[in-house]
Amino acid sequence: MATKIVVLGGSFGGLTTAFEIKRNLTRDVEITVVSDLESFVFIPSLPWIAMGWRKPQDITLPLKEVLEPKGINFIHDEAKGVDADSSKVVTSSKELYYDYLVIATGPALVFSAVQGLGPIEGYTECIFTLEQALRCNEAWNRFLEDPGPVVVGSVQGVSCFGPPYEYVFEIDSELRKRRLRHKVPITFVTSEPYVGHFGMGGLANSRRIMEDTFSEREIRVISNMAIEEFTPDEVRLKDGTKLPYKLAMFAPPMAGVQAVAHLGNPKGFIPVDEHYRHKDYKNIFSVGVAVAMAPPEQTPVPTGLPKTGYMTVKMAKQAAKAIVADITGKNPPEAIQLDAVCLMDMGKTAALMKADPVLPPRQEAILKEGIHYKWLKAAFERYFLWKIKRGLTQLP
Amino acid sequence: MATKIVVLGGSFGGLTTAFEIKRNLTRDVEITVVSDLESFVFIPSLPWIAMGWRKPQDITLPLKEVLEPKGINFIHDEAKGVDADSSKVVTSSKELYYDYLVIATGPALVFSAVQGLGPIEGYTECIFTLEQALRCNEAWNRFLEDPGPVVVGSVQGVSCFGPPYEYVFEIDSELRKRRLRHKVPITFVTSEPYVGHFGMGGLANSRRIMEDTFSEREIRVISNMAIEEFTPDEVRLKDGTKLPYKLAMFAPPMAGVQAVAHLGNPKGFIPVDEHYRHKDYKNIFSVGVAVAMAPPEQTPVPTGLPKTGYMTVKMAKQAAKAIVADITGKNPPEAIQLDAVCLMDMGKTAALMKADPVLPPRQEAILKEGIHYKWLKAAFERYFLWKIKRGLTQLP
Amino acid sequence: MATKIVVLGGSFGGLTTAFEIKRNLTRDVEITVVSDLESFVFIPSLPWIAMGWRKPQDITLPLKEVLEPKGINFIHDEAKGVDADSSKVVTSSKELYYDYLVIATGPALVFSAVQGLGPIEGYTECIFTLEQALRCNEAWNRFLEDPGPVVVGSVQGVSCFGPPYEYVFEIDSELRKRRLRHKVPITFVTSEPYVGHFGMGGLANSRRIMEDTFSEREIRVISNMAIEEFTPDEVRLKDGTKLPYKLAMFAPPMAGVQAVAHLGNPKGFIPVDEHYRHKDYKNIFSVGVAVAMAPPEQTPVPTGLPKTGYMTVKMAKQAAKAIVADITGKNPPEAIQLDAVCLMDMGKTAALMKADPVLPPRQEAILKEGIHYKWLKAAFERYFLWKIKRGLTQLP
C-alpha cells in the first residue's frame, strides 16, 4: 500500500517538501497538500502589491495546476485540527489519515497583541497576506488623494521585521517620485533595540547602514519602543508619545496556527529536532515559520527571530530528505546549519543580506545596498514563480 | 502720478525686489533704495575676507553705479523709523512717503545676548559685516604671529549657523597649509543639539557627515551648549567649562533692525503672509532675514531658523510679483514653498546643501562634500556679482 | 682614550643609537651593546608568529653578527643594575664603566596588574616577546582542534594597544578562511574609553572606522572596562560580567625594567629632556618605551600613551645626535616633535596610521584601511631587517 503523506500548507515550505519527496522517492507514495488558499502566493512581493507595483495575477499560481501534473493531490480546504495519536488531519469537510504529516502552515497573525492593531480588528494596515496587501493598496490610493503623516513599524513581540522596512522605504521613494514627500512626515516605530537589528542581533554593519539610510531619507526613527494602542488616527506609544497618522502599517506578532497549536510550545510553534521532526511525534515534521526557533538574544522590548522564505526552503529540503530516508530505511541526512540570504527592497534601490549561519557567531555576514539588487530581486521573483510552475525546487 | 516704492536695504533682498519690480512693471513707478551702506556686499564671501582670501573690492559694488543706470534712485542714508499709518520712512536727513514699502534690511546683531560677545562690545570676532570681517582678518594676522587655542561657534539663540562652520573649516585648512595646525587646539561650541543640525533639524545625513568631518580634522566639538560669558582670554560655558583662547569667533543672535522693529514680533522680525506682505499693513512687504519665520523644532538650547541668500532672493521675487500684481490690479501670484540651496565652504573643499522645502518633511534633502563644490562656490561669487552689476536677478 | 658608551638593549632603540653614534663620530669611541637576548627580534611581526604566519628565523637576526662587523661590542648578558653616581653598569657577570649610558631596554611587562593575567603567572596569552608569541601559537593550534569563545583585549593601565587590535582582526580573518568563524564568538575588551582611542585620544576618524570594522566583522566590543580577574576559563570584568573563553590574549601594562627603575619615575620610566638626556644624570640618555611620556588625557579607566618602533627610532637618532654633539663639544641638535607612522595589520587587510605630532593638536592625522597597506607592511618587515643586517638606520 502506498505511504500516505499529508502536507499542511501550500507555500514555500509545503510545496518544496511535497516536490522534493515526490522527486526523490521511487516507492509508492500518495502526497496530499491541504491549503485554505487556492493559489500559491509569492509572499516576498506582497509589499509591491500594497504599492500597486504588482497585480495579484503577477505573483500567484493556482495550486491545483501546480500540483496535479506532478501527481500530488490538492485539497482546497482549511485544516481544523490534527489528532496526532491516531495520525489524522481533520479539515472542514473530511478526515485524512497519514503515515507522515508535514506542518508547513506558516503563522497565525496575532492582531490582538495590541489594541487597535490590524486591518479587520483595528485601524492599521498589514501586508502579510494577499488580502491585506490589496486592502493596504486601496488605503494607499485613498491616502494619495489627501496625504498626511505616515507611521510604519513593528509592535512588541514581532519576529518578521523585513516587510515594514521594505514598505517604509518604498513609500518614501514613491512619494518622492510623485513630488508629494514634503507633505508626508514619516515615522518608523520598532520594538528592535535599534534599526538594523532585524530580530537577529544585527548583521555586520546593518545598524550603521540603516541609521544612515533613515537619516538620508529623513524618516524619523523610534526604536526600542512598544505600542500602547492604536486609535483610528493616532499611534500611542508606551512612553506616552502620540503620533497622528493618515496611514499606518504595522507588523503583528506571529503564533502557530489554531489547528496545530496543541502540538507546539505555548505560542503554538512546533518543536523539532535537527531533521525538522517533531520532538514527540516521530511521524510529524514541520518546516518554515511554523517551527519553534529561539532568538539569539533577549531584547528590552520583546522580539523574535525572523524565518525567511530562503530558510523555509532549506528546512523543507532537509525534512523531505529525512522523510524519504525514514520510508526507505536509510540513515537520516546530516544536520545542516541554517543560513539566510535575503533581498530587501528599499524603494529606488535594494539590499542583499547574507547571514551564514543565521545566528551569530557567523562565518559570513553581509549587508550591501545597490541598485543592482533591486534588479536581482525583480528577476528572482520571475525565476522562482517559473520554477514553482514546473515543480522545480532547487535554489540556483 | 508715479507709484512710489521705497526699498529699505541694498543687499540680496532689496536689490532683487527693486530690479524685479522695475523689470516687470510697464506703468510709471518711482523706486528708491535706501541703505546705510554705500556698496552692495556679497555677504557669503565675508569669511574669505576674514581669511585674507578676498579684498573688499573683490566682493563689493557701489550701489549708486548699480541702481542708477536702471532708473532706480539710491539714497545713501540710514533709515531711522517708519510711520506705517502715514506711509512714511524717516531717514537721518529726510522723510520719504511711499505707496509701497519693502523692508529688506537684514538683521540687527544682538551682541548683548552674552556678556563679552562681539568685536566692539566684547572680545570675540564676528564675520557678519564687511567691517567685522576686515577686523577679524587683522586679528587673524596677529594670531598667526603667535598662535594658540582657537574657539569658534554659535551662542544660544543663533539662527545663522553656516558662517562659523565655514570659518572653523577654513582656519583648519589654512593652518595645515601653513604647517601651524599642531600649535592650535581648535574647539567648536554650538547651541545646536548636534553638529549638522543647522537650526533646521538637520539635513539628510548632515549629522553623520559633520561629526565625521570634525573627527577627521580633529576639531573638538561641544554641542547643545550655551555660553555663560566671554572674558578677554576665556570662553566660559554654562556647564562651568573654561576654554582659553587666543582667537575666538562667535555668531551672535539676530533681531529686527531698530527702524522697523515696532512693526514686527517681539524680536522685531516682520510677520508676513505667503506673498511676503505685512499681516497688518497691506502696503508693506518684507523679505530676507527681516522676515519672521518659525523654527522647525524647539531645541534644548534655543536656536532659530537660518535664512540664506538663496531664500531671500526667492522671497524678493515673490514679493515683487505681489507688488506688481497689486499695482496693476491683477491676482497675486501663487504661493511658493521656500527651498534652499547653499554652498558651504569647508576650507580645502566645500559642500552642497539642498533642502526642498526648507523645513521637513522634505521632498529632497542633500548634503554632499566635494572639491568641485569649492570651485562652484568661487565661480558663483563671480557670476552673482556680474549679474548684480547688470541688474539681472534670475537664478540660473 | 676612547669614549666609552654602553647601550642597554638590542632592539629598535639600542641598535639605532649605537649605529648612529658610530656612523657620525669620527673620534675614538668604544660602543658596547648589552642585551639579554641573543638576537634582534622584529617585534611588529610577533602577532604573525602567534598566527603561525612567520617562523622565528624569519624575523630575527643574531646581534653578534649585526654589531661586530660595525665595530660595536656585543655582550649577551642581563643588566642587573646601574650605579649612576659612579657611571657603572652591573650585569650578571661583570661591571662596565661608561662615559655615556643609553637606556634602551624597552619595558617590563606587569602581569601582576590583574589576577590571572599572563602566560606564566596566569592563564592568558601574550604576544609582546618572541617566547610569548610562540607559546600563543601553540595555544592557537590547540584551539583550532576544539574551537570556542575567544576574548582579546587590553587590561587597565595598558599603553601599547596596537597588538590586541592586530591579533583580534587576524584571528577573525584566519577563522573565516578556515570556515570556523561560526564556532567562535569573539569579544574585544579594552580599557580605552572607545575603540580607536589607542591611548592617544583617537586619531582622525579612528573611532568611527574601528566601530564600523568591529561591527562588520561581528566582533563584540566592550570598551571603557577594567578586568577584575582571569580564571582558567573566564574573563571576569569589573562590572560583574563573566566571559567564558577557550583562548584569551591580553596586553599587560608596562613599567621600567628592574635594573634602571630606580633612575625613573614611580613606574620606573626614565624622565628625559628634549634631547632624551636624563633630567638628573647628564651622561645618561634614554630612548623608546623606557622613556617617561605623559598621556594626552586622563581616561575613565587608566590608559597610557603608546610608544611605537617608529617613535623609538626617531628618539634614538635624536639621542645619538645629542651624544655626538656632547662628545665633540658642539651645540645639541634642535628639539624635534615626535610624530608616528604605523602600519596596523587587520588580517585580510591593514591600516596606515599617521599622527604628526603624536599628541593633539596635530598637523596631520590619518587612518586609512586598504589591502595595499597589508602588502606594504609585509614589504617593510623585509626592508627593515635588510637594513638592520647592514647597520643602516635611516628611514626611507
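Just so we're on the same page: letters track the sequence lines, and every chain starts at 1.
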Discussion item. For B:Glu274, I'd like to know if atom CD has over 12 heavy atoms of other residues, nucleotides or ligands within 6.0 Å.
Written reply: yes

Discussion item. Under 4.5 Å from any heavy atom of chain B, what part of A:Ile186 do you find: side chain, backbone, both or neither?
Written reply: neither

Worksheet item: About how many Å separate OG of A:Ser215 and CD1 of B:Ile209, when rounded to the nearest 0.5 Å?
Response: 10.0 Å

Worksheet item: When rounded to the nearest 0.5 angstrom, what is the spacing between CG in A:Leu180 and CD in B:Gln363?
Response: 7.5 Å

Discussion item. Surrounding NZ of A:Lys377 (heavy atoms of other residues, nucleotides or ligands, distance under 6.0 Å), is the total greater than 12?
Written reply: yes

Discussion item. Quick check on B:Leu359 against chain A: is it the side chain, the backbone, both or neither that has a heavy atom closer than 4.5 Å?
Written reply: neither

Fill in: Set of salt bridge (charged side-chain N to carboxylate O under 4.0 Å, His left out) partners for B:Glu218, sequence neighbours left out
C:Arg362

Response to the item:
Looking only at heavy atoms, the pair that brings A:Pro185 and B:Pro361 closest together is N-CG, 3.5 Å

Worksheet item: Is there any side-chain hydrogen bond (donor to acceptor under 3.5 Å, both in side chains) pair reaching into residues 199-210 of chain A, and which pairs are they, with sequence neighbours excluded?
Response: A:Asn205-C:Glu216, A:Arg207-A:Glu211, A:Arg208-C:Glu211, A:Arg208-C:Asp212

Worksheet item: From B:Asp339 CG over to A:His182 NE2, what is the distance, rounded to the nearest 0.5 angstrom?
Response: 11.0 Å

Item to complete: Check whether more than 12 heavy atoms from other residues, nucleotides or ligands sit under 6.0 Å from atom NZ of A:Lys374, and answer yes or no.
Response: yes

Item to complete: State whether A:Arg179 and B:Asp356 are salt-bridged, where the test is any N-O pair (Lys NZ or Arg NE/NH1/NH2 against Asp/Glu carboxylate O) under 4.0 Å.
Response: yes

